[in-house]
Amino acid sequence: MDGTKKTLFSGMQATGKLTLGNYLGALRNWVTLSEEYNCFYCVVDEHSITVRQDPAELRKRARALLTLYLAAGIDPEKNCIYYQSHVSAHAELAWILNCFTYMGELQRMTQFKDKAAKHADNINAGLFTYPVLMAADILLFQADLVPVGIDQMQHLEITRDIAQRFNGIYGDVFTIPEAYIGKSGAKIMSLQEPEKKMSKSDENPNASIYLLDDPDTIMRKFKRAVTDSEGSICYRDEQPGIKNLIDIYSACTSKAPKDVEAEFSGRGYGEFKEAVGETVVSVLKPLQDRIEELSKDKTYLDTVIKNGAQRAEYVATKTLRKVQKKVGFPERIR
Ligand code: TYM
C-alpha cells in the first residue's frame, strides 16, 4: 500500500439482499475513493450475528458480498478486501472499547432502538454493543475517512467520541475519523413508503430494488413506486416519492436534482418512472454480469480472501498491541 496516501475504512453487513441504497449510498463512493486512499473494505460478518442467521446462508452471503466489492471495481492489489471474522483484533479491540463506552450513549442509538423493536424476542448484548464493534473496525486501521450512508452517521459520531475519550486518557493513540457522505444517494428511500429508508430487511419486496434484481423486475418495481397526486416532477419534501426517484436518477446519472427537474418538466409520472428504471438497469446490469463472471473464479476469490486477511491482520494487530500496552496489559514474553 502507498504510504503517502490517507487511510479509508468501510464495511457492509452480510445480511439480507443488498439494495440499491447500499450501492448508491456507499459502494459507489468506495470505488471512486479507492484510487485516492489506502482502503480497507470489510465484510462485517461479526456484526451480522447480532440477528439470528442460518450458518450456511451467512457463509454464502459473505462470499457474495466480497464478490460484489470486486465486481463494483475495487482493485484488491491496491486496496484490502477481507472478512471481519478473519482478523481477531476486531473483537479484541471491541472488548477494550466496551470499557470506554457508556450505557447511556448506546441507549441513544436509533439503530439499536429500531432493531430491538423489530427483534423483540432477541435483544442480545451484541445488538446493544454493535456500535462499539464498529468503532473498533474503524479505529484499528487508524482510518481518516469512512464513507457511509446517512443512516450510519450516529455510529460514526459515537466512534469519534470513544476515540477522543481514549486519546484524552492515554495520548494520541487513535486517528479521529471523518465521515464521508456522498453528494447524492446518501439516503435512498423505500419505493412503497418513501418516508422510510430503503432497507434490505423490508418485508415488502416491492419496496426495495435488490442489486441482483433482473431488468423486468426493476422496471416493474419502479412502475409501482408510490408517488402522489400533484402531477409535477419537483424536488421537494412535500413529494417524498418523486423526491426519492429524482435522488435515484440523479445519483445514477451524476446530474443535479434541479437539472433532473428541468429535464422532466411537463412530463408525466409514468414516463419519469420508466426513465428512472432504465437508468438503474443500465447501472446494475454490468455489475450483475461481472458478479457472475467473478463467482466462477474460485481460485481468484480465494487468493483475494487469503491476502486480504493477512494484510488487514498485520495493520490491525499493530494498533491492538499499542492499545493493549496503553491500558496496562502485561507484555508478551517470546
Ligand atoms: P449496512 O450493511 O446496513 O449498510 C452498508 C452501507 O450502505 C449504506 N446504506 C444506505 N445508503 C443510502 N440509502 C440507503 N437506503 C441505505 N441503506 C444502507 C449504509 O449507510 C452503509 O454505509 N454498521 C454498518 C456496517 C459497518 C461499518 C463498519 C460501516 C460495520 N462496521 C465500519 C462503516 C465502517 C451497517 O450496518 O451498514
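Remember, it's 1-based here, ligands and their atoms both numbered in the order they're listed. Being a predicted model, the structure only gives us computed values, none of them experimental. Values below: every heavy atom of this structure, side chains too, minus hydrogens, waters and symmetry copies.
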Any side-chain heavy-atom pair from Thr159 and Pro131 closer than 4.5 angstrom? no
Report yes if the distance between the aromatic ring centroids of Phe112 and Tyr130 is under 6.0 Å, otherwise no. no
Per the under 4.0 Å non-hydrogen criterion, ligand 1 touches Phe9, Ser10, Gly11, Met12, Gln13, Gly21, Asn22, Gly25, Ala26, Val44, His47, Tyr130, Met134, Asp137, Ile138, Val146, Val148, Gly149, Asp151, Gln152, Gly185, Ala186, Lys187, Ile188, Met198, Lys200
Do NZ/NE/NH1/NH2 and the carboxylate oxygens of Asp302 and Arg63 come within less than 4.0 Å? yes
Fit a plane to each ring of His90 and Phe9, take the angle between them on a 0 to 90° scale, and name the class: parallel (under 30°), tilted (30 to 60°) or perpendicular (over 60°). tilted
In the hydrophobic clustering that connects Ile, Leu, Val, Met, Phe, Trp and Tyr at side-chain heavy-atom distances below 4.5 Å, which members other than Tyr102 occupy its cluster, ordered by chain and number? none
So with a 6.0 Å cut-off around NZ of Lys306, is the heavy-atom count from everything else above 12? no
